[in-house]
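Notes follow once the structure below has been shown.
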Amino acid sequence: DTLLARINDATADFGAGARPPAATTGPDGRLRLEDGTGGDSRLSLALSVSPAAGGAATQPFGASTTSTTGRARELVRGSDAQVRVDGVLVSRPSNTIGDALQGVTLSLQQADPGNPVTLAVNRDEEASVQGVRDLVKAYNDVVSFLNGQQLEGAPLALDGTLRRVVGSFTQALRAEIPGAGDFARGALVGMTLQRNGQLQLDESRFRTAMASNLGGIQALFGAEGIGGAMRTATQAATRFGDGAISTQIASIDGANGRARTRIATLQQRLDERRERLIQQFSSMEQSLSRLQAQGNQLQAAILGVSSSR
């Protein structure tokens, strides 16, 4: 490998790091390292020589120098964005910082040293309500699809898989979650199943429950609650290979394959029967032709006998 190839090969410990540069050579024969990432420059280069296995000691490099260039065309010198959060200095190469506060993304606009900014983080109640609305709508869409497919003549009218899948979703919604305290079931926070199978949300009751016991709501809809139960039911239905839908598709494909094989077999039998009938018809035509010829000969002979008298 050339020296440039080794420097640019991060897999061989050359050019490694979170911001690997690109190495090139200039017309003057010097190595040039370029880094297009914003913020303070972290470019550095160190070369060392080691003897090959069993080889003699290698002479060290001669004198070398490094210099930092490339700022002749810059309008503003790049630097990392810095902000102090609760007394801790955070430095990032971008003005958008998403890991200083959990669940919060900071967008830095301009520097204002000496003037602390108080940041208030409030709970997005509307997003929580919208999430439950989306759950209710998604479930009702599935139920509406099931009802349409149960009509006479519908493609899945006689297929029980769809009913079992929707039934597993319904059981997930009815799950009782002991860790949710007073809100162990969806009906206790305003999410109830109607007689027609549709799910209905009482938003006022849900908001009241969320305001009184947010932890209970989180437990009810979290990974150990209805959310986890719905995920398990969905995975059981949609999992490739052994999921309910995949299994049913494989069953239908198998039935279709057997039907096609049966059709092909019957078609082959029909073709063979047709060929035999054609052969029989041809033999009959030949026989009739011979009989007709013999009849003509017999009639001619009779006429000859009659004429001789």
Set of side chain to side chain contact (heavy atoms under 4.5 Å, CB included) partners for L298, sequence neighbours left out
I302
For atom CD of E224, decide whether the heavy atoms of other residues, nucleotides or ligands shown that lie under 6.0 angstrom number more than 12.
no
Will you find, in the side chains of D271 and Q267, an N or O donor that is under 3.5 Å from an N or O acceptor?
yes
The test is side-chain contact (heavy atoms from CB on, under 4.5 Å); show your working for Q82 and R92 and say whether it passes.
CA-CA 7 Å; Q82 293 184 338; R92 298 291 183 271; over 6 Å; no
For the CG atom of L288 and the OG atom of S283, what is their distance to the nearest 0.5 Å?
11.0 Å
Enumerate, atom names and distances included, each donor-acceptor pair closer than 3.5 Å involving a side-chain atom of residues 107-116, sequence neighbours excluded.
unit_1	atom_1	unit_2	atom_2	d
S107	OG	Q109	NE2	3.1
Q109	NE2	S107	O	3.4
D112	OD1	N115	ND2	2.8
D112	OD2	N115	ND2	3.4

Can you list, pair by pair, the side-chain donor-acceptor contacts under 3.5 Å of residues 151-160, counting residues two or more places apart and other chains?
unit_1	atom_1	unit_2	atom_2	d
D159	OD1	T161	N	2.9
D159	OD1	T161	OG1	3.2
D159	OD1	Q248	NE2	3.3
D159	OD2	Q248	NE2	3.1

Approximate separation, where rounding is to 0.5 Å, of I245 CD1 and F240 CZ:
13.0 Å
Counting only pairs under 3.5 Å, give me each side-chain donor-acceptor contact of residues 173-193, with atom names and distances, residues two or more places apart or in other chains.
unit_1	atom_1	unit_2	atom_2	d
T192	OG1	Q194	NE2	3.1

same_hphob_cluster(V129, L214) at 4.5 Å side-chain heavy-atom cutoff
yes
Looking at Q299, I'd like to know if its CD atom is crowded, meaning that more than 12 non-hydrogen atoms belonging to other residues, nucleotides or ligands lie closer than 6.0 Å.
no
Roughly how far, to the nearest 0.5 Å, is the CG atom of L201 from the CG atom of D134?
11.0 Å
Nearest-0.5 Å distance that lies between atom CE in M210 and atom CZ in F221:
10.0 Å
Tell me if a side-chain donor or acceptor on S168 pairs with a main-chain N or O of V165 at a distance below 3.5 Å.
yes
Identify the heavy atoms of V143 and V166 that sit nearest to each other, and give their distance.
CG2-CG1, 4.3 Å
In short, L199 meets V136 closest at the heavy-atom pair O-CG1, 3.2 Å
Check this for me, if you would: do E126 and R207 make a salt bridge, where the nitrogen-to-carboxylate-oxygen distance has to be below 4.0 angstrom?
yes
Which side-chain N or O atoms in residues 227-237 pair as donor and acceptor under 3.5 Å with protein atoms at least two apart or in another chain?
unit_1	atom_1	unit_2	atom_2	d
T232	OG1	G228	O	3.0
T234	OG1	M230	O	2.7

Quick one, V85 with L101, criterion side-chain contact (heavy atoms from CB on, under 4.5 Å). Give me CA distance, side-chain angles, the key distance, then yes/no.
CA-CA 8 Å; V85 180; L101 296 172; 3.9 Å; yes
Run the side-chain contact (heavy atoms from CB on, under 4.5 Å) check on S144 and Q198 step by step: do they pass?
CA-CA 8 Å; S144 297; Q198 295 283 310; 3.5 Å; yes
With the 4.5 Å side-chain cut-off for hydrophobic clustering, are V83 and L119 part of the same group?
yes
Could you give the side-chain donor-acceptor pairs of residues 255-266 under 3.5 Å, partners two or more places apart or in another chain?
unit_1	atom_1	unit_2	atom_2	d
N256	ND2	I252	O	3.4
T261	OG1	G257	O	2.9
T265	OG1	T261	O	2.9

Evaluate the side-chain contact (heavy atoms from CB on, under 4.5 Å) criterion for residues Q268 and E272: first the C-alpha distance (whole Å), next the side-chain angles of each, then the deciding distance (0.1 Å), finally the verdict.
CA-CA 6 Å; Q268 182 178 2; E272 292 173 353; 3.5 Å; yes
Closest heavy-atom pair, D80 versus P93, reported as atoms and distance to 0.1 Å, is OD1-CA, 3.5 Å
With the side chain counted from C-beta on, respond yes when T170 and Y139 share a heavy-atom pair under 4.5 Å apart, and no when they do not.
yes
Quick check against the 3.5 Å criterion: does T247 have a side-chain atom that pairs as donor or acceptor with the backbone of A244?
no
Check each of Q280, Q279, R274 against L277 using the side-chain contact (heavy atoms from CB on, under 4.5 Å) test, and report the only one that passes.
Q280
What is the distance from atom CG of L135 to atom CD of Q130, rounded to the nearest 0.5 Å?
11.5 Å
Can you measure from CG (N213) to CG (L220) and round to the nearest 0.5 angstrom?
10.0 Å
